[in-house]
Amino acid sequence: MRASWTHRVSDRVDHLGFFLTSAWLSLANLRRPLVFSPDSGTYVQWSDALLAHQFNVLAYLQSNDFFVAPYFYLLPVVLIAALRKIFGDSWPLCFHALNFLWLNLLLLAYWQTLRLLALNRWAIALGFLMLALSTDLLIWPHYMLTDSLYMALVMLGIWISTAFLKQLTVKRPTERQPKANSVSVNPLSANPLSANPLSSNLLGVALIVILCIVLSMARPSSPPLIAIFLLSPFALILAKHIDRFAKLIGLTLLLVFAIGLSYAALMVHALELDPSTRMQAWNLILGHLAEGGVIHDRPETYIASPKGLTDILMLYLLRLLWFFSPYAQGFSSTHLFVNAFQFSLIASGIFLLARNFQKLLPLHRALTVLSLACVLGTALFHSGILIDYDWRYRAPTITPLVVIAVIGFSSYLSNRSDQAAPCSAQDGVFHSDKKHKDWHAFQIPSDDDEFVQKSIATRCRFREAYLSVHAA
């Protein structure tokens with residue numbers, strides 16, 4: 001009886017994590033009024049222009065000379081203008097409610113992404129704890145800003161891309177069919193909770209393209225993420241070739257250095273141009289660079305003005321390090337403690353990922369590569385442009401970082417489970433204990449993934465998936 005109760009708790013711990021985290025973050029933001037920042041006023045001003053053109057988007061885009069191309073902020077501007085048109089003076093309340101919707105969409109996308117790959121439920125629940133401790137999720141949903149929407153779109157992109165990658169790995173029916181008394185499955189479809197919402201590759205491509213179009217209208221920093229999602233199938237190719245964590249780190253460092261060097265060379269050339277011929281955005285970027293700026297409006301982080309290619313490269317790399325800093329002068333003790341605890345959990349998960357990287361399934365490695373690309377794409381972009389005073393632009397990277405950490409914790413817990421309850425395998429057939437005499441019918445097709453065929457530890461996960469389905 002006790003074992004049965006424990007098993008049921010284990011099966012539902014991720015559900016509990018979702019509902020508790022959703023309730024905690026929603027209540028934490030609901031008890032605070034909607035806060036307007038300087039950027040909020042800019043959005044309202046731009047929505048005035050759209051309303052003046054009677055929602056004629058083309059006329060709006062052509063008649064306004066904004067700091068950056070107005071297309072990159074079209075989504076929030078249209079949303080605010082529509083709320084003002086429909087709800088009048090009550091529109092801020094509706095915007096606040098929409099922020100809660102984006103927040104819960106982010107949590108749902110995170111949950112479904114990891115369930116899609118049948119990761120350990122306790123690891124998923126631990127990820128919810130990391131999200132519950134995120135100061136970004138505790139702050140930005142009660143601001144009249146686009147961060148909640150943008151974070152949800154990024155996580156939604158990871159979810160869709162993961163489903164698309166899983167769909168790409170589906171084995172097509174062959175002439176060799178399993179026997180009638182056998183159940184043919186793959187490691188990520190044995191559990192109904194990991195069912196793929198995408199029914200075809202074409203649907204996956206269509207959803208990714210639509211999401212990229214929406215992302216392009218949400219924020220100027222979206223191009224790196226758009227490129228990552230459009231090229232997401234390459235994550236599977238990389239996952240098959242990057243079978244060691246050291247390779248992943250080496251490739252990452254090489255990419256960072258190459259992009260940093262390219263950025264430094266571009267800035268050296270831009271500084272030689274006549275300021276009157278440069279766009280306003282370039283003047284801001286170069287002005288911040290000439291000051292030795294690291295974190296915007298935080299002089300304590302600034303360094304001496306860079307003089308050449310090497311200095312600019314070092315400044316760029318320093319900005320990249322500061323982008324992930326959990327510490328800042330002026331943060332309260334509570335803020336620093338929560339940041340330190342959350343970042344220590346993420347670091348622990350990444351450490352476990354490094355130890356167990358070779359044992360990961362290819363799709364798990366692909367999700368790791370995809371999430372890391374989203375984190376690096378955002379960090380490298382803002383290191384070259386601007387890192388905001390309160391690290392607001394780091395917010396979209398928190399959930400992908402948690403996903404990477406959860407994969408690490410899941411690999412560790414799964415390996416421990418395999419060692420505690422070993423199973424035997426001969427010719428792809430699992431042998432049951434006395435409780436489950438029909439386990440012999442749970443058979444792997446001989447043409448399945450090579451990694452699955454060779455790994456008894458992975459076959460044990462088949463057994464675990466079967467037992468959970470049988471218990472349900």
Side-chain angles (χ1 to χ4, degrees), residues 21 24-40 96 99-100 102-103 106-107 110 126-152 154-155 219 221 288 291-304 315-351 374-376 378-405:
T21 304
W24 157 248
L25 292 175
S26 297
L27 289 174
N29 285 282
L30 186 62
R31 67 184 183 88
R32 300 172 182 174
L34 187 66
V35 178
F36 281 70
S37 73
D39 284 349
S40 306
H96 202 184
N99 273 355
F100 292 129
W102 311 139
L103 171 64
L106 178 148
L107 296 176
Y110 156 81
L126 184 58
F128 276 121
L129 173 62
M130 297 181 221
L131 294 177
L133 294 172
S134 172
T135 52
D136 294 299
L137 298 182
L138 288 167
I139 293 175
W140 302 124
H142 64 269
Y143 270 73
M144 212 294 284
L145 294 169
T146 62
D147 298 274
S148 297
L149 172 59
Y150 194 70
M151 284 188 286
V154 172
M155 194 60 230
R219 188 174 283 186
S221 59
H288 187 53
E291 295 174 348
V294 179
I295 306 298
H296 185 56
D297 281 345
R298 287 190 178 271
E300 68 274 11
T301 65
Y302 286 23
I303 62 173
L315 175 60
Y316 182 81
L317 297 177
L318 182 61
R319 286 178 178 178
L320 185 62
L321 291 176
W322 270 97
F323 184 86
F324 296 102
S325 173
Y327 169 82
Q329 184 176 326
F331 280 3
S332 67
S333 300
T334 303
H335 193 162
L336 291 174
F337 174 77
V338 171
N339 273 1
F341 187 56
Q342 183 202 33
F343 274 66
S344 65
L345 286 175
I346 292 175
S348 299
I350 294 175
F351 172 75
C374 290
V375 172
L376 276 180
T378 304
L380 291 170
F381 180 88
H382 285 292
S383 296
I385 307 299
L386 184 74
I387 302 176
D388 204 15
Y389 173 84
D390 42 21
W391 279 269
R392 183 161 65 91
Y393 299 146
R394 184 177 66 190
T397 68
I398 296 301
T399 314
L401 278 172
V402 170
V403 168
I404 295 173

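We count residues from 1, following the sequence as given.
A 6.0 Å sphere centred on CD of Gln329 holds no more than 12 heavy atoms belonging to other residues, nucleotides or ligands. Counting heavy atoms of neighbouring residues, nucleotides and ligands inside a 6.0 Å radius, atom CZ of Phe36 exceeds 12 of them. Within 6.0 Å of CZ in Phe341 there are 12 or fewer heavy atoms belonging to other residues, nucleotides or ligands. Atom OH of Tyr389 has 12 or fewer neighbouring heavy atoms from other residues, nucleotides or ligands inside a 6.0 Å radius.
One distance of note links CG of Asp39 with CZ of Arg392; it measures 5.0 Å at 0.5 Å rounding. Here the OH atom belonging to Tyr327 is positioned 12.0 Å from the CG atom belonging to Asn339, to the nearest 0.5 angstrom. Between atom CG of residue Leu106 and atom OG1 of residue Thr21 there is a gap of 11.0 Å, rounded to the nearest 0.5 Å. With values rounded to the nearest 0.5 angstrom, His296 atom NE2 is found 10.0 Å from Asp390 atom CG. Interatomic distance, Trp391 CH2 to Phe331 CZ, rounded to the nearest 0.5 Å: 5.0 Å. Annotation: the span from Leu145 atom CG to Asn99 atom CG amounts to 8.5 Å, rounded to 0.5 Å.
Checked against side chain to side chain contact (heavy atoms under 4.5 Å, CB included), Ile385 has the following partners two or more places apart in sequence or in another chain: Ile285, Phe381. By the side chain to side chain contact (heavy atoms under 4.5 Å, CB included) test, Leu138 pairs with Trp24, Leu25, Ala28, sequence neighbours left out. Annotation: ring pair (Phe, Tyr, Trp, His ring centres under 6.0 Å) contacts of Phe100 (sequence neighbours excluded): His96.
At distances below 3.5 Å, at least one donor-acceptor pair connects side-chain atoms of Thr301 with backbone N or O atoms of Ile295. With hydrogens and angles ignored, the 3.5 Å screen pairs no side-chain donor or acceptor of Thr146 with any backbone N or O of Leu149. Proximity of a side-chain donor or acceptor of Ser40 to a complementary backbone N or O of Met144 within less than 3.5 Å is detected.
The minimum heavy-atom distance between Leu336 and Pro326, with the atom names listed, is CD2-O, 3.9 Å. The shortest heavy-atom contact between Ala379 and Leu320 is CB-CD1, 3.6 Å. Of all the heavy atoms in Phe324 and Phe343, the pair that sits closest is O-CE2, 3.1 Å. Taking every heavy atom of both residues into account, Tyr150 and Pro396 meet most closely at CD2-CG, 3.5 Å. The two residues Val375 and Pro400 make their nearest non-hydrogen contact at CG2-CB, 3.6 Å. Considering all non-hydrogen atoms of both residues, Leu380 and Tyr316 come closest at O-OH, 2.8 Å.
The side-chain heavy atoms of Phe128 and Tyr110, taken from C-beta on, include a pair separated by under 4.5 Å. Two residues are said to be in side-chain contact when any heavy atoms from C-beta on lie closer than 4.5 Å; Met130 and Ile346 meet this criterion. Side-chain atoms of Gln342 and Thr135, non-hydrogen and from C-beta on, never get closer than 4.5 Å to each other. Looking only at side-chain heavy atoms (C-beta outward), Leu133 and Leu129 come within less than 4.5 Å of each other. Under the 4.5 Å side-chain criterion, counting only non-hydrogen atoms from C-beta, Arg219 is in contact with Asp147. Phe323 has its side chain within reach of Arg394: a pair of non-hydrogen atoms, C-beta onward, lies under 4.5 Å apart. Contact of the Ile398 side chain with the Leu137 side chain is not registered, since no non-hydrogen atoms from C-beta on lie closer than 4.5 Å. Within the 4.5 Å cutoff, side-chain heavy atoms of Leu131 are placed close to those of Leu107.
Note on ring orientation: taking the six-membered ring where Trp is involved, the planes of His382 and Tyr393 are parallel (angle under 30°, cut-offs 30° and 60°).
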